[in-house]
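Reading through the structure tokens given below for one structure.
These numbers come from a predicted model, not from an experiment.
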Amino acid sequence: MNTFKKKSLHAAVLAGLGALGAAGTANAVHINPDGLGQVVIYPYYTVRGGNVTAMSIVNTTSLTKAVKVRFLEGKNSREVLDFNLFLSPQDVWTGVVLTGTTPGGADGARLETGDNSCVTPSDLFGGAAGVATVRTDGLGLPINAFKNYQYTGVAVDNATMNTLDRTREGYMEVLEMGIVTNTIITGYIKHATSGTTIGVPANCAALDAYDADLGTPVPTTVGAVGKFPLHLASPAGGLTGRASIINSANGTNYTYDVTVFDGWWNPLVPAPGNVPYSASGNTNPSISITTGIDTVSNVFVTGNPAIPNSAGVVRAQWNTSREAVSAILMRDSVINEFVTDAGSVSKTDWVITMPTKRDNIGVGVGTPNRPFSNNFANATPTGACDAYSLAIFNREEGTIGTTPGVILPSPRPPGVIVPGQVLCWEANVIEFGSSGLLSSNNNFRLQGAADAFAVSGATTTGAPFATFSRRVLQGPNGWASFGFGATGTASQSQQSMTPVTSSLNGVADVLPRVHFGLPVIGAMFHNYTNTGVASSYGGVIPHKFTRNIQ
């Protein structure tokens with residue numbers, strides 16, 4: 001009966017938590033299931049197809065925080081905008097990604113906000129409320145515009161994909177760089193609670209001087225400028241956020257949740273100044289290769305019900321922080337639904353983003369770091385591709401090569417791999433249906449029979465609902481699973497990582513447990529149009545995942 005299994009799993013969870021308590025949770029990077037932490041990843045932004053992307057960053061703590069806000073284009077995770085944000089206790093910052101480097105412009109994208117929270121540079125948005133003229137940089141672009149400098153010139157990764165258009169979709173990351181401990185600086189950041197400037201920080205412009213230099217000499221006064229890291233304590237977590245892809249012309253709003261890391265920062269010497277701080281516009285810290293990021297990962301696994309004591313927390317020691325951060329995101333399958341009803345003009349896009357890919361691959365020939373299979377191609381516009389296997393079913397248990405409506409006994413047919421069944425970008429958009437929902441240029445379609453199956457309009461006419469006869473067969477809707485880490489291709493054999501040591505619930509393994517899959521996050525986006533009343537709707541369903549650690 002299920003009672004034993006539930007009790008066994010419950011015991012495994014308690015054992016895992018006990019082991020974590022003994023070993024300490026602060027010194028291991030992990031996904032926080034409660035959605036609060038030191039690093040917040042937003043899997044997708046876009047301004048294509050009439051969309052804009054709004055985002056929020058929330059400080060749920062009573063601490064003043066210095067935060068790195070970074071936007072990365074979706075093909076090869078090259079940074080397009082980077083600035084520092086200073087959140088007072090319980091503060092919220094909001095912004096929106098719009099099309100064009102300038103209002104009314106056609107190329108690229110830009111970030112706008114009316115939020116009062118302090119940023120550096122303090123005139124990034126033209127003033128406290130974005131009312132003044134925005135300053136331009138040395139090459140004539142507004143400083144709040146998304147730039148292509150990280151993939152042009154000496155930094156070019158592919159000459160056929162180097163325009164500002166590439167900045168129009170990607171993903172975002174927010175990294176806590178430290179807690180502000182200097183009372184003079186916290187006074188600048190704090191929002192007024194009374195008077196004529198209620199809701200406005202005292203002196204955002206004063207922060208520019210602190211941000212200007214990353215020298216390390218000990219300051220002679222508590223307000224010494226140019227040494228911001230020395231005024232910070234280690235990150236403590238408590239950040240969260242959300243984002244919304246909004247299309248006013250279509251009347252749709254796709255609001256999605258974020259993925260949050262905790263235990264990310266673990267310096268060997270937690271002293272003043274030893275924090276992951278960098279000046280505004282600096283490409284550091286990286287999400288997974290900055291010195292001080294923990295090299296230990298904690299991952300919860302549900303285990304095999306047939307194997308006693310197989311559920312709990314897998315703790316692994318890695319050679320590098322990039323492996324540890326990838327490990328907490330490693331999934332051997334991504335599972336979600338698709339809806340492509342012709343009657344409701346429904347479309348479905350899956351976003352699958354790989355936030356650590358950029359720290360593991362290079363440009364051109366050569367072998368990337370595991371678990372990725374290829375470097376970014378600099379001669380052809382093919383990206384850095386990883387194969388996946390596919391299993392797909394409609395709502396009546398039909399699948400490729402079977403008659404819809406026929407019951408399929410377990411086990412299900414294995415996933416199949418066909419040529420071209422790959423994910424090649426950092427932020428991938430997989431289109432189900434005859435056309436894409438998000439108007440992405442990072443798009444992939446299902447291949448061959450799978451593509452035809454996903455858009456099949458085959459239905460049967462059912463009896464009235466009041467009878468017990470067969471209902472209408474819903475042909476074009478169902479679910480799918482993308483599989484990684486199998487041995488079907490040379491590419492998939494690369495999709496694994498092996499730590500130095502590992503343990504389950506505090507019990508050391510004789511051999512370290514291999515982590516199979518790819519580090520992925522994302523969600524399913526779908527729409528529904530009611531033509532009879534001229535209305536449209538949008539929905540977002542987070543991906544479900546399986547893990548394979550053995």
Side-chain angles (χ1 to χ4, degrees), residues 36-41 55-71 79 81-95 111 113 115-125 128 172-191 201-216 219 222-241 260-267 270-287 290-293:
L36 302 173
Q38 300 171 351
V39 175
V40 185
I41 308 296
M55 66 180 295
S56 69
I57 304 171
V58 183
N59 176 13
T60 67
T61 75
S62 59
L63 304 169
T64 301
K65 293 181 179 289
V67 174
K68 176 72 71 176
V69 181
R70 177 172 291 134
F71 292 80
E79 182 180 298
L81 185 69
D82 174 304
F83 64 95
N84 290 348
L85 168 67
F86 300 88
L87 296 172
S88 55
Q90 289 83 43
D91 195 9
V92 179
W93 179 89
T94 60
L111 182 67
T113 184
D115 199 285
N116 288 323
S117 298
C118 292
V119 299
T120 55
S122 60
D123 63 346
L124 178 62
F125 303 106
M172 305 90 83
E173 60 185 29
V174 171
L175 291 76
E176 183 182 355
M177 298 184 293
I179 302 165
V180 182
T181 57
N182 184 310
T183 56
I184 294 176
I185 300 175
T186 57
Y188 294 151
I189 298 169
K190 178 66 177 174
H191 297 235
N203 192 353
C204 289
L207 301 180
D208 289 338
Y210 289 88
D211 200 43
D213 174 27
L214 292 181
T216 55
V222 70
V225 299
K227 319 294 180 191
F228 226 136
L230 298 178
H231 303 303
L232 301 176
S234 292
L239 294 176
T240 190
V260 181
F261 304 167
D262 225 349
W264 170 73
W265 183 252
N266 181 32
N274 194 358
V275 292
Y277 188 89
S278 68
S280 181
N282 192 307
T283 56
N284 290 317
S286 167
I287 191 176
T290 299
T291 300
I293 299 173

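Looking at heavy atoms from C-beta onward, P235 lies out of side-chain contact with M177 at the 4.5 angstrom threshold. In this structure, the side chains of N59 and S88 stay at 4.5 Å or more apart for every pair of heavy atoms. Side chains of I287 and I41 form a contact here, defined as non-hydrogen atoms less than 4.5 Å apart. For the pair M172/V174, no side-chain contact is recorded, criterion being any heavy-atom separation below 4.5 Å from C-beta on. A heavy-atom distance below 4.5 Å is not found between the side chains of D82 and T283. Side-chain atoms of P285 and W265, non-hydrogen and from C-beta on, never get closer than 4.5 Å to each other. Residues L207 and I189 meet the side-chain proximity criterion, which asks for heavy atoms closer than 4.5 Å. At a threshold of 4.5 Å between non-hydrogen side-chain atoms, the residues W93 and V67 do not count as touching.
For the residue pair G95 and L111, the shortest heavy atom distance occurs at C-CD1, 4.3 Å. Heavy atoms only, all atoms of each residue included: I293 and S286 are closest at CD1-O, 3.4 Å. When all heavy atoms are compared, the tightest approach of T60 to Q90 is O-NE2, 4.3 Å. Minimum heavy-atom separation, S62 to P89: O-CG, 3.4 Å.
Interatomic distance, I184 CD1 to N203 CG, rounded to the nearest 0.5 Å: 11.5 Å. In this structure, the separation between CG on L85 and CG on D115 is 8.0 Å, given to the nearest 0.5 Å. Separation of atoms CZ (F261) and CG (L36) is listed at 14.5 Å; rounding is to 0.5 Å. Atoms CG and CG, on N274 and L232 in that order, are 11.5 Å from each other to the nearest 0.5 Å. Within the model, atoms CD1 of I179 and OG1 of T64 stand 9.5 Å from one another, a figure rounded to the nearest 0.5 Å. Distance check, rounded to the nearest 0.5 Å: CD of Q38 to NZ of K65 gives 8.0 Å.
Ring geometry for Y210 against H231 counts as perpendicular: the plane angle is over 60°, on a 0 to 90° scale with 30° as the lower cut.
Side-chain atoms of E176 come within 3.5 Å of backbone atoms of A236 as a donor-acceptor pair (strictly under, hydrogens ignored). Using modelled atom types, one side-chain atom of T113 and one backbone atom of T94 make a donor-acceptor pair closer than 3.5 Å. Checked by atom type and distance alone, the side chain of S117 never pairs as donor or acceptor with a backbone atom of L87 at under 3.5 Å. Side chain of N84 to backbone of A66: no donor-acceptor contact under 3.5 angstrom is found.
With no hydrogens or angles considered, no side-chain donor-acceptor pair links D211 and S280 at under 3.5 Å. For K68 and S278, the side-chain atoms include at least one donor-acceptor pair closer than 3.5 Å.
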Trace of the side-chain contact (heavy atoms from CB on, under 4.5 Å) decision for V40 with I57 | CA-CA 9 Å; V40 185; I57 304 171; over 6 Å; no

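Taking the six-membered ring for Trp and the full ring otherwise, the centers of F228 and F86 sit less than 6.0 Å from each other.
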